[in-house]
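Since the structure is predicted, the reported quantities are computational estimates derived from the model, not experimental observations. Start at 1 with the first residue, then count along the sequence.
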Amino acid sequence: MTCTTAFKHSSIVLAGALILAEGAGLAQLATAQVNLKPVLGPSLPPLGQPFSPHKSVLLASDHREDVANKINYYIESCINQYSKSVLESRRRYLEWANATTGPTGKESTLNGVDKLEDSNRCAYAVKRAATIEPHNQALEAAADAYQKALVALAPLMNEANLYYKRENYQDDNMAKGRDLHPRLMAAWDAFIKANLELRQQVKTVRKEVDQEHLKKLEAQPLKLRYFSLKATLEAEDILTAATEFRSVSDFRLEQFETLVAAYEKTVDDLLAYHTSHPEQGKPGLFSVSFLNHHEDFLVAAKQFLRRRRERLGDNSLPDSPSIISGDGTLSKLRYLYGEIVSGYNSNPFW
């Protein structure tokens with residue numbers, strides 16, 4: 001955890017919804033962050049503190065292993081470590097402080113600013129990743145901009161945290177709070193821009209690794225892992241498209257219908273292959289619950305699609321991050337996709 005009052009990181013490292021549409025408002029950006037999945041299974045070498053071992057949905061091989069190592073530094077020590085908590089901190093601050101005028105000291109509720117801890121972890125990771133070949137100028141530049149924005153933001157957040165925690169605003173009539181406000185907002189805005197760019201660059205590189213690995217699995221005689229990974233990546237595409245809908249008024253209905261139809265066919269192929277090749281999915285090697293997670297996600301995707309057909313272009317549909325069971329909600333898709341990733345990661349058959 002990087003902010004003292006931030007939500008705890010889930011044990012499931014989610015993928016999907018890597019970036020919102022460019023037209024997304026800043027308030028939406030703060031609530032739509034999703035952790036990214038590492039690409040390579042083994043934990044990376046210690047970097048200030050040891051990484052947790054994590055078997056990924058993707059297991060890169062051959063020359064792609066170095067690319068996977070590079071982006072895992074960005075994912076594990078930058079994006080997953082800081083993005084959600086930093087943007088949640090901004091959102092909570094703006095719940096009581098006016099974004100334009102700043103705090104006045106007359107607010108009915110005054111919750112301060114979260115403390116940002118251990119902000120150097122990302123900088124160390126970016127430095128180490130820069131030594132890994134092959135080099136990718138756009139990716140490495142985005143990572144450097146991210147860590148610089150984070151390093152610039154940290155002292156401002158921590159200064160504000162101490163100011164409000166000690167209630168010094170009662171002694172200076174909020175003078176320092178008003179002084180800090182425009183600098184905080186500018187630093188948060190710079191971080192948001194850098195965060196979106198790094199996520200987009202990581203998404204691009206991950207997509208290349210994903211597709212190359214999928215082609216290698218398709219060429220193998222045993223197809224269970226191929227269909228499992230194909231279904232998981234298609235579920236990720238659905239989640240990404242669903243997340244983008246929250247940021248724009250024109251929901252791409254036909255595109256979403258195509259994604260859901262393709263995913264349903266792949267799920268059917270996975271089920272059929274598992275049934276016809278029981279020796280590849282015997283108990284202890286392949287979890288039936290993993291198949292059920294895909295079935296549940298398919299149903300939720302269709303519910304999401306039906307809800308949008310009924311109220312096309314309506315961005316006022318309620319969808320709280322705490323909702324899990326609600327039909328047709330983005331948060332339900334996120335939750336169920338997390339179950340898919342967790343099931344894949346914990347499968348000893350891979």
Leu305 to Leu253 - nearest heavy-atom pair and separation: CD1-CD1, 3.5 Å
Charged N to carboxylate O below 4.0 Å: is that the case for Asp237 and Lys207? yes
Given 3.5 Å as the limit, does a donor-acceptor pair link the side chain of Arg90 with the main chain of Leu184, or not? no
What's the spacing between Glu218 CD and Gln211 CD if we round to 0.5 Å? 10.5 Å
Quick one: are Ser228 and Phe290 in side-chain contact, heavy atoms under 4.5 Å? yes
Leu217 and Leu222: CA distance, side-chain angles, deciding distance, side-chain contact (heavy atoms from CB on, under 4.5 Å) verdict: CA-CA 8 Å; Leu217 291 178; Leu222 304 181; over 6 Å; no
Contacts of Asp269 meeting side-chain contact (heavy atoms from CB on, under 4.5 Å) (sequence neighbours excluded), chain-then-number -> Phe227, Lys265
Closest non-hydrogen atoms of Val67 and Val209, given as atom of the first, atom of the second and distance, are CG1-CG2, 4.1 Å
Nearest heavy-atom pair of Asn195 and Leu87: which atoms, and what distance? ND2-CD1, 3.9 Å
Inter-residue atom distance Cys122.SG - Gln147.CD, 0.5 Å rounding: 6.0 Å
Please confirm whether the backbone N or O of Asn173 pairs with a side-chain atom of Arg178, one donor and one acceptor, at under 3.5 Å? yes
To the nearest 0.5 angstrom, please state how far the CG atom of Leu198 sits from the CD1 atom of Ile79. 4.0 Å
For the backbone of Lys115 and the side chain of Asn158, can you confirm whether one donor and one acceptor N or O come within less than 3.5 Å of each other? no
Option among Thr109, Thr104, Asn111 that satisfies the side-chain hydrogen bond (donor to acceptor under 3.5 Å, both in side chains) test with Glu107: Thr104
Within the 4.5 Å heavy-atom criterion, are Glu159 and Leu180 side-chain neighbours or not? yes
Glu117 CD to Met157 CE distance, which is reported to the nearest 0.5 Å: 10.0 Å
For the pair Ser342 (side chain) and Gly338 (backbone), establish whether a donor and an acceptor sit closer than 3.5 Å, ignoring hydrogens and angles. no
Does Glu140 reach the side chain of Tyr74, with side-chain heavy atoms less than 4.5 Å apart? yes
On the ring face of Tyr124, is Arg128 found with NZ or CZ under 6.0 Å from the centre and within 45° of the axis? no
How about Asp114 and Tyr93: do any of their side-chain heavy atoms sit closer than 4.5 Å? no
Is there a donor-acceptor pair under 3.5 Å between the side chain of Lys70 and the backbone N or O of Ile132? yes
Let's go through Asp172 and Tyr163 carefully: what are the C-alpha distance in whole Å and the side-chain angles of both, what is the deciding distance for side-chain hydrogen bond (donor to acceptor under 3.5 Å, both in side chains) to 0.1 Å, and is it a yes or a no? CA-CA 11 Å; Asp172 68 355; Tyr163 173 73; 2.8 Å; yes
Does Thr131 use its side chain to pair, donor to acceptor, with the backbone of Lys127 at less than 3.5 Å? no
Which atom of Ile340 lies closest to which atom of Ala235, heavy atoms considered: CD1-CB, 4.2 Å
So that I can tick it off, tell me whether Glu95 and Arg92 are bridged by a salt bridge, with the cut-off set at under 4.0 angstrom between side-chain N and carboxylate O. no
If you group Ile, Leu, Val, Met, Phe, Trp and Tyr by side-chain heavy-atom gaps below 4.5 Å, do Val151 and Tyr73 land in one group? no
Judged by atom type as modelled, is there a donor-acceptor pair below 3.5 Å linking the side chain of Tyr146 to the main-chain atoms of Cys78? yes
Set out, in order, the CA-CA distance, both residues' side-chain angles and the distance that settles side-chain contact (heavy atoms from CB on, under 4.5 Å) for Lys106 and Met174, then state yes or no. CA-CA 9 Å; Lys106 300 179 181 179; Met174 194 59 81; over 6 Å; no
CA sep, side-chain torsions, deciding dist, call: Ser83, Phe191, side-chain contact (heavy atoms from CB on, under 4.5 Å): CA-CA 9 Å; Ser83 292; Phe191 178 82; 4.1 Å; yes
Compute whether any side-chain donor of one residue and acceptor of the other, for Tyr344 and His294, lie under 3.5 angstrom apart. no
Any donor and acceptor pair, going by atom type alone, linking the side chain of Ser89 with main-chain N or O of Ser85 inside 3.5 Å? no
Derivation of the side-chain contact (heavy atoms from CB on, under 4.5 Å) call for Thr329 and Phe304: CA-CA 6 Å; Thr329 58; Phe304 184 94; over 6 Å; no
Tell me whether Gln170 at atom CD has more than 12 heavy atoms from other residues, nucleotides or ligands lying less than 6.0 Å away. yes
Rounded to the nearest 0.5 Å, what separates atom CG in Asp66 from atom CD1 in Ile71? 12.0 Å
Quick one: are Gln303 and Arg307 in side-chain contact, heavy atoms under 4.5 Å? no
So Leu271 and Glu295, do their side chains get closer than 4.5 Å, heavy atoms only? yes
salt_bridge(Lys193, Glu197) N-O dist < 4.0 Å: no
Are any side-chain N or O atoms of Asn136 and backbone N or O atoms of Ala138, one a donor and one an acceptor, separated by less than 3.5 Å? yes
Heavy-atom nearest pair, Thr232 first then Tyr337, reads O-CE1, 3.5 Å
Heavy-atom side-chain proximity of Val267 to Leu270 below 4.5 angstrom: no
Measure across Leu330 and Ala242 and return the closest heavy-atom pair with its distance rounded to 0.1 Å. CD1-CB, 3.8 Å
Kindly assign one of parallel, tilted or perpendicular to the pair Tyr164 and Trp96, based on the angle between their ring planes and the thresholds 30° and 60°. perpendicular
Value for CZ (Arg225) from NZ (Lys216), rounded to nearest 0.5 Å, stands at 11.5 Å
Looking at Tyr273 and Lys223, would you say the former's side chain and the latter's main chain have a donor-acceptor pair under 3.5 Å? yes
Between Phe297 and Tyr263, does the ring-ring contact (aromatic ring centres under 6.0 Å, His included) criterion hold? Intermediate values first, please. CA-CA 10 Å; Phe297 186 88; Tyr263 175 62; 5.6 Å; yes
Side-chain contact test, heavy atoms from C-beta onward, threshold under 4.5 Å: evaluate it for Glu264 versus Asp268 and give yes or no. yes
Counting only heavy atoms not in Arg166 (residues, nucleotides, ligands), do more than 12 fall under 6.0 Å from its CZ? no
